[in-house]
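Reckoned from all heavy atoms, side chains included, excluding hydrogens, waters and symmetry mates.
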Amino acid sequence: VSCVLSTPCRVHALQVTGEFGHVYEQQYAVALFNSVRFEIEGGGGPQSQLLHRKNPLEDRSIFSGGLFQYLEENKRWRNRFVFVADTYNISFYENKVAHERSLRPKGTINCAGYKALTSMEEYLELINTSLPGIKAKVGSGQFVKCATQFPLILWHPYARHHYFCVLTEKEQKKWHAVLQDCVRHSNNGLSEECRVQTPAFTDAMRLHRQAQGHYGTWDMMCGGPPQILANLVMETLHPELRNLIGPRLKGKIQQRQRNWMLISEAVYKQVLSQTQAQYEALVQACEVQTSRLDTVLRTDMDQIITSKEHVSGKIRALVLPRAGQLLRGSVQPFLSSILEALMEPTSRGFSEVRDVFFRELVEVSKNTLNGGGKDKLAEHMEKISMLAFHPVKMQSCYEKVEQLNLEGLQQRFDVSSPSVFIQRAQILMREQMDNAVYTFEHLLHQSLEGKVQGGEDLCKTIHCCQDRVLKKYDYDSSTVRKKFFKEALLQIIIPYMLKQLSPSFHLDLPRFQELIFEDFSQFILVENVFEEVVLQSVTKDIMMAVKEAAVQKKHNLYRDSMILTNSDPNLHLLGENPSVDWATQFRGGNEEPEGALGGGGQSSRRRRQVVSMIQLDEMGPLPYESCLEVPGVDFIPEEGEIEEVEVKAKEPKEQKTPTEPDSPDSVQEICYHSKPVVEMMVSASEEDLALLTNGTGTLTLEDGKEEEVTLITTVVEEMHRKSPQWMSAPQEVNEQLVETGREEDEAAIKNAIQEIEIAVQEEDGERITQCAVDSDAELAPPLVDSSPSGHDDGGFQPPTNEALNEGKAQPILDALKTEDTVVDPGEVVVVLEPGDTALHNK
């Protein structure tokens, strides 16, 4: 299929990337002009009060652990070791040893554009929209029969889907938080450090989609530039292929959907590889012109700015009357409701960040006050330093923002979904948490450096630093939120106004290009000036709306008139210092950090893990870790196929010869192998047999303790006991044997056996009658020569004689009938004492 579709896909991708490339080259020059102008004129908002960490995840990994992964190739579940690096890419290995040896992973997932799901119902709702007119039921249309009731699914509209599952709900929640964090980080957008390429790419993408009639936010504006370009190509190619190939697919519902998913994945791979090459060539061609353009800009900056202001004035006079009318009639009435929908969940999320940070510091203070000292403090600070990147601890903060709902406003203002704003707010919350933690670390380290403090003094120092950081956090979070609200309102309103105004001025705008000098035409584009005029027309109203909202106490925002300047002038000097290594300075640096993992060959240092490993209660390591698997199900039979499946199930199966330990073939066997198992054989009386059943129950052991056990198997069988055969000896030998049996002394028993053998050698031709002796003592393995039958018990307690157990006397001649020789009873002395533990069974 991929071979047949390669040519039309390549042609379509070349056409889309070619059109985009033309717009990108124009926007690259405009972005370079804005960058140089900002560098010369300066500017910016209020200064941040908290310190900012440049590389917070250096020598760190996010998470790692075992997951069951479904393999499409053989339709089976296998156990994989999953490792989430600081790049938030998910790599899975055969096992943990393969990762530690820096072997190549089985696969790597870039989570940009994915959605993390925890139920098959959610997944089927998304799958049913893939092919028109084909909808599978929840009970009959599953692609995968999950091995457990705790699935984890990564869904993508074009790329391959990934299926995982875990054994417990606790694991599912933790892994879901990690996967959501990977998606959130990958969807964060392009790096703002690239002051030319990033704005050029985003503006080119927006203008290209607006030319196609697509205004407003776009959910697939995620990942790197090649991925975004691939999503742009698939936005038009995917529906065409679906209408062309969908009606021709044959088979059952789930089989058609599966085939379509495979086709979509193959096409997306081809498009992505092509956009990667096209984008690299495009960036390289623009960078060649950078030096020449930069020289022109710095030479003629004043003339360029004057020319742009002249054109802006002409366009403003044309556009503002119509834009003001649209603003008053269709935008201003909804500003307060849009802002309220954004502010409430966002403010609750930032407030939760503050509470989580405060609770962690209170816990540190308690442990320090209880006599932990600096060693305990350093241990807790090692964990708190990565608090912002701990998806499980930050989950409560993220959930507050997920309540953001723009229902009723999405259709009016052409907002596809609020997910763009939710993920952006969550990223800002994570940044503010990390800034607060990083500032607290430096303030605390500065206060403790070169000082010897006890528990109470440490607590006072912690509280002092905590109060300073919380005040700075309140101010910075207010500034960040107000900026977020302004940007969100612009992202909602500007596309709506452009969509309404563009048709009216589409024919008038080209004539303004004649007012621009030809030498400056590549830096001043009429389309960009038109958007700036529309932006200026609505900015004043947005600023006023945010300022009015700041007055309300429920949002906990500072007024614009409250500006903190030089509140801590020496603080930013601390930000130039490297991050504090608490383990080295306060714990000696000899202890291995908790959750340390190998760095996959990237560094000789051990990577410290942000999220601790999942350790289930009363569960040991999984056996057969590298080959643990569960049979997959190709599809769930539909109506009419159930009888056929039942007939096949009744057919006898071939028995395979047990050669090597095979993988468990069911979820029950996974649980069986994943729990510690101890097999015991316990004798029971006839009264106890009625209480023991095959299943789960409580068993009373010999010491009187009751233990809860599973898989009880009751076996009733007769045990024929035989006593060990001992040589008869004189009276003193028997007395010695009785005494040693009572004391359970193995050495004395061996001496008695040796004396018996000496007595046998002295009495030539004399037959000695064998006596049965029961003993509960742990007997040593008898010598080969000491046993007439030559039986070696290997150290196990030998069986006893059933007749002696009942206390009945046995004739000497009946005990040994090996020969016809008659033994004189006077030559044999047998001593049987009732109650003697050395001679009777209990």
Side-chain angles (χ1 to χ4, degrees), residues 10 12-44 54-55 87 89 110 112-113 185-212 218 220-234 270-305 307-308 513 516-529 531-532:
R10 186 181 298 109
H12 185 86
L14 286 174
Q15 179 182 356
V16 174
T17 54
E19 296 173 356
F20 172 82
H22 178 68
V23 181
Y24 180 84
E25 290 176 352
Q26 295 177 340
Q27 295 302 315
Y28 186 87
V30 175
L32 184 61
F33 162 70
N34 294 330
S35 176
V36 175
R37 182 179 181 180
F38 180 82
E39 178 185 342
I40 295 175
E41 296 180 352
K54 295 181 180 179
N55 189 8
T87 60
N89 287 338
N110 186 319
H185 181 86
S186 302
N187 291 349
N188 187 28
L190 306 178
S191 175
E192 296 180 358
E193 297 179 358
C194 302
R195 299 186 179 275
V196 178
Q197 292 184 8
T198 296
F201 185 87
T202 53
D203 291 343
M205 184 62 63
R206 185 187 70 255
L207 292 173
H208 177 79
R209 297 189 73 248
Q210 288 178 2
Q212 307 297 325
W218 186 34
M220 297 308 295
M221 189 74 177
C222 50
Q227 291 175 293
I228 298 176
L229 273 177
N231 296 336
L232 180 66
V233 175
M234 294 296 293
Q270 292 182 0
V271 171
L272 183 59
S273 62
Q274 192 167 355
T275 55
Q276 177 77 33
Q278 293 289 329
Y279 178 74
E280 291 176 358
L282 183 62
V283 171
Q284 186 176 2
C286 291
E287 289 180 348
V288 172
Q289 305 293 330
T290 302
S291 178
R292 180 185 63 83
L293 295 176
D294 185 76
T295 302
V296 174
L297 285 171
R298 297 184 183 276
T299 304
D300 303 325
M301 178 59 71
D302 294 339
Q303 292 85 345
I304 297 174
I305 294 176
S307 178
K308 181 178 179 181
Q513 193 70 32
I516 305 173
F517 292 107
E518 185 177 358
D519 295 340
F520 305 151
S521 59
Q522 54 187 340
F523 304 114
I524 306 173
L525 299 179
V526 175
E527 294 84 355
N528 295 75
V529 176
E531 289 190 355
E532 291 178 4

Going by atom types only, do Gln212 and Arg209 share a side-chain donor-acceptor pair under 3.5 Å?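 No - no donor-acceptor pair under 3.5 Å links their side chains.
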Are the side chains of [X] and [Y] in touch, meaning some heavy atoms are under 4.5 Å apart?
| X | Y | answer |
| --- | --- | --- |
| Gln270 | Arg10 | no |
| Leu282 | Phe201 | no |
| Glu527 | Glu532 | no |
| Met220 | Met234 | no |
| Asp519 | Gln303 | no |
| Phe517 | Ile304 | no |
| Ile228 | Met205 | yes |
| Val529 | Leu525 | no |

Just grab all the salt bridge (charged side-chain N to carboxylate O under 4.0 Å, His left out) pairs involving residues 190-206, residues at least two apart or on different chains.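 Qualifying pairs, neighbours excluded: Glu192-Arg424, Asp203-Arg206, Arg206-Glu531.
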Distance from [X] atom [atom1] to [Y] atom [atom2], nearest 0.5 Å?
| X | Y | atom1 | atom2 | answer |
| --- | --- | --- | --- | --- |
| Gln522 | Leu297 | CD | CG | 8.0 Å |
| Ser186 | Gln227 | OG | CD | 8.0 Å |
| Asp302 | Ser307 | CG | OG | 12.5 Å |
| Asp294 | Gln289 | CG | CD | 12.5 Å |
| Leu229 | Thr275 | CG | OG1 | 6.0 Å |
| Leu272 | Asn231 | CG | CG | 8.5 Å |

Acceptor/donor pairs from residues 16-24 side chains to any protein atom, 3.5 angstrom cut, sequence neighbours excluded:
from	atom 1	to	atom 2	distance (Å)
Thr17	OG1	Ala13	O	2.6
Thr17	OG1	Leu14	O	3.2
His22	NE2	Gln26	NE2	3.4

Partners of [X] by side-chain contact (heavy atoms from CB on, under 4.5 Å), sequence neighbours excluded?
| X | result |
| --- | --- |
| His185 | Tyr88, Arg430 |
| Thr87 | Ala85, Asn89 |
| Gln276 | Pro226, Glu280 |

Closest contact, heavy atoms only, Phe523 versus Val296: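 Heavy-atom minimum between the residues: CE1-CG1, 3.9 Å.
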May I have the list of side-chain donor-acceptor pairs in residues 27-35 shorter than 3.5 Å, sequence neighbours left out?
from	atom 1	to	atom 2	distance (Å)
Gln27	OE1	Asn528	ND2	3.0
Gln27	NE2	Asn528	OD1	3.1
Tyr28	OH	Thr290	OG1	2.8
Asn34	ND2	Val30	O	3.3

Is a side-chain donor or acceptor of Thr198 paired with a backbone partner of Leu190 at a separation under 3.5 angstrom?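 Between the backbone of Leu190 and the side chain of Thr198 there is no qualifying donor-acceptor contact (under 3.5 Å).
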